[in-house]
Visitor: 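Let me begin by handing over the structure; questions about it come next.
Numbers here simply count residues along the sequence, with the first being 1.
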Amino acid sequence: MSSMTFSLQPAPSVSPFAQLRQKLVPLTGIVVVHALMFLLIYSGMAHRIVQKAMPDTVYVNFVDPPAPSKPAAPAPVPKNVALAEAPPPVIPPLPLINLAAVQNAITTPPPAAVAAPVERQAAPAQAAIAPPAAPKPSGPRTVSSGVEPISTAQPTYPPLSKRMGEQGKVVLRILVNEKGVPDKVLVESSSGFARLDAAGREAALRYLFKPYIEDGHAVAVFVLLPLSFELNS
């Protein structure tokens with residue numbers, strides 16, 4: 001007996017994409033056929049609807065606009081109507097004035113009395129009044145001498161002013177009280193730079209002055225103090 005050998009071979013595998021394509025091809029054909037039938041039916045119905053809706057012939061009549069109405073003519077004025085004449089105005093006669101009577105009625109005032117005695121009596125009274133004294137100036141006054149600094153303070157040059165090359169001269173107006181201490185420092189003339197003016201004011205507040213003496217008493221006065229800020233080349 002001859003032996004027979006059977007070998008089992010695996011069936012060829014089909015990819016999922018090929019399976020999906022096999023299913024979609026018939027379905028696509030059915031959809032296309034239905035779409036063509038729907039378009040044919042719809043185009044025929046639309047053509048019939050348009051034919052029924054549109055009239056066969058349209059007639060257009062053009063009507064002329066109405067002519068503008070003419071303005072009514074004014075009523076004629078009768079020529080035989082005579083205008084009524086106004087009566088002339090009646091001017092009453094002016095009364096006659098007797099010039100001689102008017103001149104006699106006008107009288108001249110008597111001459112004014114001489115006021116010389118009254119003026120002579122008023123002169124001594126005016127001489128007795130003393131002239132008013134000149135008012136004294138209010139507030140401290142500015143002096144240029146009589147106030148000397150006892151101790152001074154060197155102003156600090158601002159670092160930013162040094163880097164920016166700022167230079168100038170500031171004149172300060174200092175109010176020195178009865179003890180010689182600065183109460184207020186004002187900028188009389190600026191250096192042109194706010195940082196330099198502020199540094200000068202801070203230094204002037206640390207000054208100490210000799211009090212100003214007036215009539216044997218120390219009084220508060222204003223003094224001017226110039227300070228220069230210069231960079232060494």
Visitor: With a 4.5 Å heavy-atom cut-off, do Val221 and Val147 have their side chains touching?
Guide: yes
Visitor: Answer whether the closest heavy-atom distance between the side chains of Val223 and Val143 falls below 4.5 Å.
Guide: yes
Visitor: Any side-chain heavy-atom pair from Val176 and Pro211 closer than 4.5 angstrom?
Guide: no
Visitor: Just how far is it from atom CD of Glu178 to atom CD1 of Ile213, taken to the nearest 0.5 Å?
Guide: 10.0 Å
Visitor: Distance check, rounded to the nearest 0.5 Å: Asp183 atom CG versus Asn177 atom CG?
Guide: 4.0 Å
Visitor: Side chains of Leu224 and Leu172: closer than 4.5 Å at any heavy-atom pair?
Guide: no
Visitor: Out of curiosity, Thr152 OG1 to Tyr207 OH, how far, rounded to the nearest 0.5 Å?
Guide: 5.0 Å
Visitor: Does the side chain of Tyr212 come within less than 4.5 Å of Arg141's, by heavy atoms?
Guide: yes
Visitor: To the nearest 0.5 Å, what is the distance between CD (Glu188) and OG1 (Thr142)?
Guide: 7.5 Å
Visitor: Test your reading of the model: is there a side-chain donor-acceptor pair from Asp197 to the backbone of Val187, 3.5 Å cut-off?
Guide: no
Visitor: Kindly indicate whether the side chain of Leu196, heavy atoms from C-beta on, has any atom under 4.5 Å from the side chain of Pro158.
Guide: yes
Visitor: Can you tell me how far apart OG (Ser191) and NZ (Lys169) are? Round to the nearest 0.5 Å.
Guide: 12.0 Å
Visitor: Quick one: do Phe38 and Val31 end up in the same hydrophobic cluster if we chain Ile, Leu, Val, Met, Phe, Trp and Tyr together by side-chain heavy atoms under 4.5 Å apart?
Guide: no
Visitor: Applying ring-ring contact (aromatic ring centres under 6.0 Å, His included), name anything that partners Phe222, two or more places apart in sequence or on another chain.
Guide: none
Visitor: If we only count heavy atoms from C-beta on, is the Thr156 to Glu202 side-chain gap below 4.5 Å?
Guide: no
Visitor: So, for Leu231 and Lys162, which heavy atoms are closest and what is the spacing to 0.1 Å?
Guide: CD2-CG, 3.9 Å
Visitor: According to a 4.5 Å side-chain heavy-atom criterion applied to Ile, Leu, Val, Met, Phe, Trp and Tyr, with indirect links allowed, do Val171 and Leu225 form part of one hydrophobic cluster?
Guide: no
Visitor: Between atom CD of Glu230 and atom CD of Glu166, what is the distance when rounded to the nearest 0.5 Å?
Guide: 14.5 Å
Visitor: Could you walk me through whether Val185 and Arg173 satisfy the side-chain contact (heavy atoms from CB on, under 4.5 Å) test, starting with their C-alpha distance in whole Å, then the side-chain angles of each, then the deciding distance to 0.1 Å, before giving a yes or no?
Guide: CA-CA 6 Å; Val185 179; Arg173 185 182 180 88; over 6 Å; no
Visitor: May I ask you to check whether Tyr157 and Arg195 show a side-chain donor-acceptor distance below 3.5 Å?
Guide: no
Visitor: Is there a path of hydrophobic side-chain contacts, each under 4.5 Å between heavy atoms, that joins Val219 and Leu175?
Guide: no
Visitor: Would you indicate whether the side-chain heavy atoms of Pro155 and Phe229 approach each other to under 4.5 Å?
Guide: yes
Visitor: Applying side-chain contact (heavy atoms from CB on, under 4.5 Å) to Ile174 and Phe209, what does each step give before you reach the verdict?
Guide: CA-CA 10 Å; Ile174 307 173; Phe209 296 88; 4.1 Å; yes
